[in-house]
Amino acid sequence: MAAAATTTTAQDTSSVPPLAYSGRVQLKELLDRSEAAVGQRVVVGGWVKSAKEVEKTAPPPSIATTDDTAREGGKGKDVSCVEILQSRIPLIRSILDVFGGGGYGQRKKRENVTAPNDKVLPPKASTAYLLLTDGSCAPSLQVVVDSSVATPSRLVPTGTCLLVEGQLERAEGKHAIELIAEKVLHIGTVDFDKYPLSKKRIPLDTLRDYSQFRPRTTTVATVMRIRSSLSFATHTFFNEHAFIDVQVPIITSTDSEGFSNMFRVNTLEQKAEKEKLETVYETEGVSLEHVKAAAKEKSNIVEHLERTESNREALAAAVQDLRKTNELASQLEAREKRKLGASFKDDKVDSSKEFFPFQTYLTVSGRLHLESYACALGNVYSFGPRFLADKTNSAKHAAEMWMIEVEMAFSQLKDSMICANDFFKYLCNWVLVHCSEEMTFVAKRIDNTCMNRLRQIISGSPEMMTYHKAIDVLRKSSSQAEDKKFETNFESGFVLTSEHLSYLTDMIYQKPVMIYNYPKEAKPFYARQNDDGTVAAFDLVVPKLGTIISGSQNEERLNMISSRIDELGLPREKYEWYLDLRRNGTVNNSGFTLRFDLMVLFATGLGNVRDVIPFPRSYGKAYT
């Protein structure tokens with residue numbers, strides 16, 4: 001008895017337990033412990049990824065002999081030659097159906113009347129082989145369903161939802177185990193004509209139009225599991241380093257950056273003014289976009305004249321013309337920022353009709369609100385969606401993106417840079433350790449360099465350089481490399497484009513680059529001003545992607561940040577609450593923002609951020 005009890009306990013321990021709240025067993029657990037699961041009765045649920053139906057080979061029907069008839073008490077029936085041929089040769093049966101076999105159709109009808117005890121031929125027996133997935137892992141479980149258990153035609157369409165009870169057995173071929181179904185507890189059928197998924201691979205850009213179905217594909221499901229794991233890693237990292245999680249508001253009356261395109265929040269249907277529907281850079285009939293395009297064209301002319309060296313006077317005139325065009329572009333950009341601040345200031349609503357007594361927006365950043373808690377709790381972080389109304393179809397941008405924002409009291413720029421780099425390495429290592437199966441799939445199907453890229457991040461350190469050094473490196477590379485000529489003359493205050501950043505990380509250093517001490521025009525108004533006219537801000541730029549983390553030391557001096565607000569024409573009354581932090585117990589503090597969606601993009605090697613966001617919102621597209 002003791003031995004039997006011990007055996008039972010061992011079996012219970014080795015069996016795969018069901019999920020706590022559904023009673024079914026997760027496929028990942030079954031497939032990870034396939035040897036232990038053999039012989040276990042389980043209930044599994046999921047969606048059919050692919051299927052096939054195989055007809056069984058019917059044994060030849062036995063013909064009753066005299067002895068058989070005698071044993072049955074003489075009740076055996078006579079079998080005609082035609083009936084034998086009908087049961088054994090399908091072709092002849094079809095021919096007889098067509099030609100009647102001497103009035104076969106009428107005879108069959110009469111037989112049904114005169115011999116009601118005759119058996120009607122049953123439908124052909126078959127077996128359905130289904131590959132079932134429940135989203136817990138990339139591999140699928142083979143489920144074998146006999147036609148006596150359920151009608152195969154209802155089971156085999158791709159996308160059918162099934163809940164099946166049966167016993168796990170060893171399988172032949174590429175599957176280690178299979179489930180022999182004994183009961184089909186639920187069948188969720190699909191509309192075959194309208195269901196978009198099939199056995200064939202569908203391009204990711206096509207799947208974006210079917211956000212409700214695309215997580216059923218192996219690629220998107222794998223990416224979502226990596227995303228979930230990175231989310232958990234985020235909270236784990238900050239919990240290990242004594243940070244406090246703070247939820248910042250989504251609806252705000254403050255422009256946290258100082259020059260952002262923000263979504264307005266209205267509860268009343270109002271006719272928008274034409275000016276507010278236009279791009280923020282269009283003013284007084286002169287478009288900043290057109291001026292920049294002209295500058296680009298004139299820059300090409302200058303480069304052409306420099307190469308030919310044919311006309312020095314023409315070159316001098318072209319250089320002067322380019323300089324004036326660049327100055328005009330700078331003036332227009334500064335004017336637009338002032339205009340944005342003025343319109344931000346003048347936004348008033350009818351408090352008797354609107355929900356809020358003043359204009360509100362969807363937040364672009366939570367760092368200002370987060371800073372107020374850092375000035376009380378020390379080290380804090382926030383994880384949530386941020387919104388930017390940029391009319392762009394860039395592969396690295398969506399209107400709604402999730403950000404991880406960090407603020408640390410009693411810290412300076414270098415502390416923020418170290419923390420950001422440590423956090424980034426932590427996430428890269430986490431993916432390799434905790435998502436090994438998913439990353440193997442990614443390396444096979446999406447990007448075979450993904451794991452090596454993550455290992456390089458973990459083992460190395462980013463190249464550190466100031467903004468001015470980055471400009472010098474690019475200028476020098478542009479002048480020396482004949483195959484790479486940038487279309488812009490590098491000047492102080494010039495904004496580094498994605499092309500420049502990509503050249504630094506992918507071509508020159510071939511590793512991440514951390515650029516710091518930017519011109520104040522390129523960074524938010526709250527960045528601390530340095531003695532040399534730059535601000536204490538940084539970007540972490542990674543290969544193949546671009547900027548993934550941006551941070552700064554925040555200005556703690558009341559007079560300096562007040563003058564910066566006035567310089568940009570921002571409405572002071574909307575920032576008084578923020579200035580109060582400088583008037584009462586000010587402290588050195590710094591922080592950063594990690595673009596979480598881009599982190600998932602970097603880990604998986606995909607090319608478009610919309611493919612790593614569950615329900616992407618971008619310019620002109622918000623279907624679900």
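The residues of the chain are indexed from 1 along the displayed sequence. Atoms considered below: every heavy atom in the structure, side chains included; atoms not considered: hydrogens, waters and symmetry mates.
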Problem - Min side-chain heavy-atom separation Val246-Glu407 under 4.5 Å - result: no
Practice task
Determine the minimum heavy-atom distance between Pro543 and Thr505, stating which atoms define it.
Solution key: CA-OG1, 3.7 Å
Problem - Single hit among Val431, Leu454, Val612 for side-chain contact (heavy atoms from CB on, under 4.5 Å) with Phe602 - result: Leu454
Exercise for the section: Quick one: sort the His241 and Phe237 rings into parallel, tilted or perpendicular, breaks at 30° and 60°. Expected result: tilted
Handout entry: salt bridge (charged side-chain N to carboxylate O under 4.0 Å, His left out) partners of Arg386, counting only residues at least two apart
Key = Glu405
Handout entry: Set of residues satisfying side-chain hydrogen bond (donor to acceptor under 3.5 Å, both in side chains) with respect to Asn559, sequence neighbours excluded
Key = none
Exercise for the section: Tell me yes or no: between the side chains of Arg595 and Ser550, is some donor less than 3.5 Å from an acceptor? Expected result: yes
Practice task
Under the side chain to side chain contact (heavy atoms under 4.5 Å, CB included) rule, collect the residues that match up with Gln510, sequence neighbours excluded.
Solution key: none
Exercise for the section: Take atom CE of Met464 as the centre, draw a 6.0 Å sphere, and report whether it contains more than 12 heavy atoms from other residues, nucleotides or ligands. Expected result: yes
Practice task
Please list all pairs passing the salt bridge (Lys or Arg N to Asp or Glu O under 4.0 Å) test where one or both residues lie in residues 224-238, with sequence neighbours left out.
Solution key: Arg225-Glu438, Arg227-Asp597
Practice task
Check Met439 against Cys450 and note the closest heavy-atom contact, atom names and distance.
Solution key: CE-SG, 3.6 Å
For residues 417-429, please give each side-chain donor-acceptor pair under 3.5 Å, one per line with the distance, not counting sequence neighbours.
from: Lys425; atom 1: NZ; to: Gly460; atom 2: O; distance (Å): 2.6

Practice task
Mind checking the CD-CZ spacing from Gln359 to Arg264? Nearest 0.5 Å is all I need.
Solution key: 5.0 Å
Practice task
Working to the nearest 0.5 Å, report the span between CD of Glu463 and NZ of Lys511.
Solution key: 4.5 Å
Fill in the blank from the handout: Lys28 meets the side chain to side chain contact (heavy atoms under 4.5 Å, CB included) criterion, sequence neighbours left out, with Gln26, Asp32, Ser136, Cys137, Glu437
Practice task
Classify the ring geometry between Phe596 and Phe383 as parallel (under 30°), tilted (30 to 60°) or perpendicular (over 60°).
Solution key: perpendicular
Completion exercise
CD1 of Ile226 to OG of Ser231, rounded to nearest 0.5 Å, is 13.5 Å
Completion exercise
CE of Met262 to CZ of Phe387, rounded to nearest 0.5 Å, is 11.0 Å
Handout entry: For Thr547, all residues meeting side-chain hydrogen bond (donor to acceptor under 3.5 Å, both in side chains), sequence neighbours excluded
Key = none
Problem - Asp390 (side chain) donor-acceptor with Leu388 (main chain) under 3.5 angstrom - result: no
Practice task
Could you pull out all residues at least two apart from Arg528 that satisfy side-chain hydrogen bond (donor to acceptor under 3.5 Å, both in side chains)?
Solution key: Glu556
Handout entry: Gap between atom CH2 of Trp577 and atom OG of Ser253 - 0.5 Å precision
Key = 8.5 Å
Handout entry: Partner residues of Leu558 under the side chain to side chain contact (heavy atoms under 4.5 Å, CB included) criterion, sequence neighbours left out
Key = Ser562, Leu579, Arg582, Arg583
Exercise for the section: Assess whether atom CZ of Phe263 is packed by more than 12 heavy atoms of other residues, nucleotides or ligands within 6.0 Å. Expected result: yes
Exercise for the section: Using side-chain hydrogen bond (donor to acceptor under 3.5 Å, both in side chains) as the criterion, list what pairs up with Asn452, not counting sequence neighbours. Expected result: Arg455
Handout entry: Residues Arg208 and Asp611 bridged, charged N to O under 4.0 Å
Key = yes
Handout entry: Rounded distance [0.5 Å steps], OG1 in Thr466 versus OH in Tyr518
Key = 10.0 Å
Exercise for the section: Report yes if the side chains of Val248 and Leu368 come closer than 4.5 Å at any heavy-atom pair, otherwise no. Expected result: no
Practice task
Before accepting this row, confirm whether a basic side-chain N of the pair Asp472/Lys469 lies closer than 4.0 Å to the acidic partner's carboxylate O.
Solution key: no
Exercise for the section: Taking the side chain as every heavy atom from C-beta outward, state whether Ser416 and Met408 have any atom pair closer than 4.5 Å. Expected result: yes
Practice task
Only counting residues at least two apart or in another chain, list the ones meeting salt bridge (charged side-chain N to carboxylate O under 4.0 Å, His left out) with Asp566.
Solution key: Arg572
Problem - side chain to side chain contact (heavy atoms under 4.5 Å, CB included) partners of Asp532, counting only residues at least two apart - result: Asn530, Thr534
Handout entry: Under 3.5 Å donor-acceptor, Asn239 side chain and His235 backbone
Key = no
Practice task
Starting from the C-alpha separation in whole Å, work towards a yes-or-no answer on side chain to side chain donor-acceptor pair (under 3.5 Å) for Ser590 and Asn588.
Solution key: CA-CA 7 Å; Ser590 67; Asn588 289 338; over 6 Å; no
